[in-house]
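The next block holds one structure in the form of structure tokens; read it before the comments.
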Amino acid sequence: MRSDCIFFCPIRVRYNEVDQQGIVYNGHYVIYIDIAFEEFFRSKGYPYKTLVEEHDSEVCHKKSTYEFFASAYEGDLIEVGMRVLKIGNRSMTIGFEIYREGEDDVIVTCETVYVGYDTKNRASKPISDLMRQLLGA
């Protein structure tokens, strides 16, 4: 539900993201959600690359589950909402909701599990305190 979201990222659906009927290909929703995740941190003053390179605060995807309710179409301005569902020690679950601008009917929902990631050792590690702080935990 829109009111549960802590952030919204507007995205315009482009021609190359749709099929011949003008409907967004399912795989593009993955990209839209990734963009919203990155833009959330940018809006807090920490572009994701800065989090990784300067604050050792990397996460990687473990699992995403999508549920489709309607379609987005070429030219639509969609809003990808983001909310924190759970933050554990080494993982966190973020909920995403996609709406058409100005509408309350959800198009797609997604739950994504991210795991703290040690880039040098290629292993899981705890979610950083900075990332917890930025997410409001």
Side-chain angles (χ1 to χ4, degrees):
M1 154 173 244
R2 271 186 179 272
S3 61
D4 295 330
C5 294
I6 60 172
F7 176 76
F8 282 94
C9 177
I11 297 173
R12 175 78 60 191
V13 175
R14 297 165 296 214
Y15 175 77
N16 69 325
E17 298 165 349
V18 300
D19 62 19
Q20 289 184 339
Q21 291 77 38
I23 298 170
V24 171
Y25 287 111
N26 292 343
H28 285 288
Y29 292 105
V30 176
I31 296 167
Y32 299 156
I33 285 165
D34 238 18
I35 291 168
F37 186 73
E38 182 177 352
E39 290 301 318
F40 168 79
F41 291 108
R42 184 181 310 281
S43 77
K44 298 289 189 178
Y46 289 90
Y48 194 77
K49 187 174 182 178
T50 300
L51 282 172
V52 173
E53 293 177 354
E54 297 177 20
H55 300 282
D56 193 28
S57 190
E58 171 79 282
V59 295
C60 63
H61 288 87
K62 179 178 172 119
K63 176 177 109 171
S64 290
T65 305
Y66 293 81
E67 189 167 1
F68 298 88
F69 298 94
S71 297
Y73 302 94
E74 178 189 347
D76 281 352
L77 183 60
I78 58 173
E79 299 172 316
V80 182
M82 182 177 138
R83 60 192 173 108
V84 178
L85 299 176
K86 176 184 170 187
I87 298 183
N89 183 38
R90 292 182 174 266
S91 69
M92 62 186 187
T93 305
I94 306 294
F96 297 93
E97 301 170 359
I98 300 177
Y99 298 90
R100 200 169 280 104
E101 180 186 41
E103 296 184 8
D104 290 328
D105 294 329
V106 69
I107 295 172
V108 176
T109 61
C110 172
E111 285 189 15
T112 298
V113 177
Y114 297 93
V115 175
Y117 188 67
D118 179 337
T119 57
K120 292 177 184 140
N121 297 312
R122 296 187 178 184
S124 70
K125 71 174 194 174
I127 302 295
S128 73
D129 290 338
L130 176 58
M131 189 165 284
R132 289 173 187 282
Q133 176 188 354
L134 295 173
L135 291 165

By salt bridge (Lys or Arg N to Asp or Glu O under 4.0 Å) - contacts of [X] (at least two apart):
{"X": "Asp56", "value": "Lys125"}
{"X": "Arg14", "value": "Glu17"}
{"X": "Arg100", "value": "Asp76, Glu103"}

For [X] and [Y], which heavy atoms make the closest approach, and how far apart are they?
{"X": "Met1", "Y": "Glu97", "answer": "N-OE2, 2.7 Å"}
{"X": "Ile6", "Y": "Arg83", "answer": "CG1-CA, 4.3 Å"}
{"X": "Asp104", "Y": "Arg2", "answer": "OD1-CD, 3.2 Å"}
{"X": "Glu74", "Y": "Val18", "answer": "N-CG1, 3.7 Å"}
{"X": "Ala36", "Y": "Val80", "answer": "CB-CG1, 3.5 Å"}
{"X": "Glu111", "Y": "Thr93", "answer": "OE1-CG2, 4.2 Å"}

Rounded distance (nearest 0.5 Å) linking atom [atom1] of [X] with atom [atom2] of [Y]:
{"X": "Glu79", "Y": "Ile98", "atom1": "CD", "atom2": "CD1", "result": "11.0 Å"}
{"X": "His55", "Y": "Lys49", "atom1": "NE2", "atom2": "NZ", "result": "14.0 Å"}
{"X": "Glu58", "Y": "Glu53", "atom1": "CD", "atom2": "CD", "result": "10.0 Å"}
{"X": "Tyr66", "Y": "Asn26", "atom1": "OH", "atom2": "CG", "result": "10.5 Å"}
{"X": "Tyr29", "Y": "Ile78", "atom1": "OH", "atom2": "CD1", "result": "6.5 Å"}
{"X": "Ile107", "Y": "Phe68", "atom1": "CD1", "atom2": "CZ", "result": "11.0 Å"}

If you link I, L, V, M, F, W and Y whenever their side-chain heavy atoms are under 4.5 Å apart, who else ends up in the same group as Tyr99?
Phe8, Phe69, Val106
Members other than Ile23 in its cluster, when Ile, Leu, Val, Met, Phe, Trp, Tyr link by side-chain heavy atoms under 4.5 Å?
Tyr73
Tell me, please, which residues at least two apart from [X] pass side chain to side chain donor-acceptor pair (under 3.5 Å).
{"X": "Asp105", "value": "none"}
{"X": "Asn121", "value": "Asp118"}
{"X": "Thr112", "value": "Ser64"}
{"X": "Ser91", "value": "none"}

So Arg90 and Pro126, do their side chains get closer than 4.5 Å, heavy atoms only?
yes
Taking ring pair (Phe, Tyr, Trp, His ring centres under 6.0 Å) as the definition, give me every residue that meets it alongside Phe40, ordered by chain and number, with sequence neighbours left out.
Phe7
Show me the pairs that pass ring pair (Phe, Tyr, Trp, His ring centres under 6.0 Å) and involve residues 77-97, at least two apart or across chains.
none
For residues 101-129, which residue pairs pass the ring pair (Phe, Tyr, Trp, His ring centres under 6.0 Å) check, not counting sequence neighbours?
Phe37-Tyr114, His61-Tyr114
Hydrophobic cluster membership, [X] vs [Y], 4.5 Å side-chain cutoff:
{"X": "Val115", "Y": "Leu85", "result": "no"}
{"X": "Val13", "Y": "Ile35", "result": "yes"}
{"X": "Phe41", "Y": "Val113", "result": "no"}

Trace of the side-chain contact (heavy atoms from CB on, under 4.5 Å) decision for Leu130 with Glu54
CA-CA 11 Å; Leu130 176 58; Glu54 297 177 20; over 6 Å; no
As a quick check of understanding, evaluate side-chain contact (heavy atoms from CB on, under 4.5 Å) for Val84 and Ile94, giving each step before the final call.
CA-CA 5 Å; Val84 178; Ile94 306 294; 4.2 Å; yes
Verdict with reasoning, Tyr32 to Val24, per side-chain contact (heavy atoms from CB on, under 4.5 Å)
CA-CA 11 Å; Tyr32 299 156; Val24 171; 3.9 Å; yes
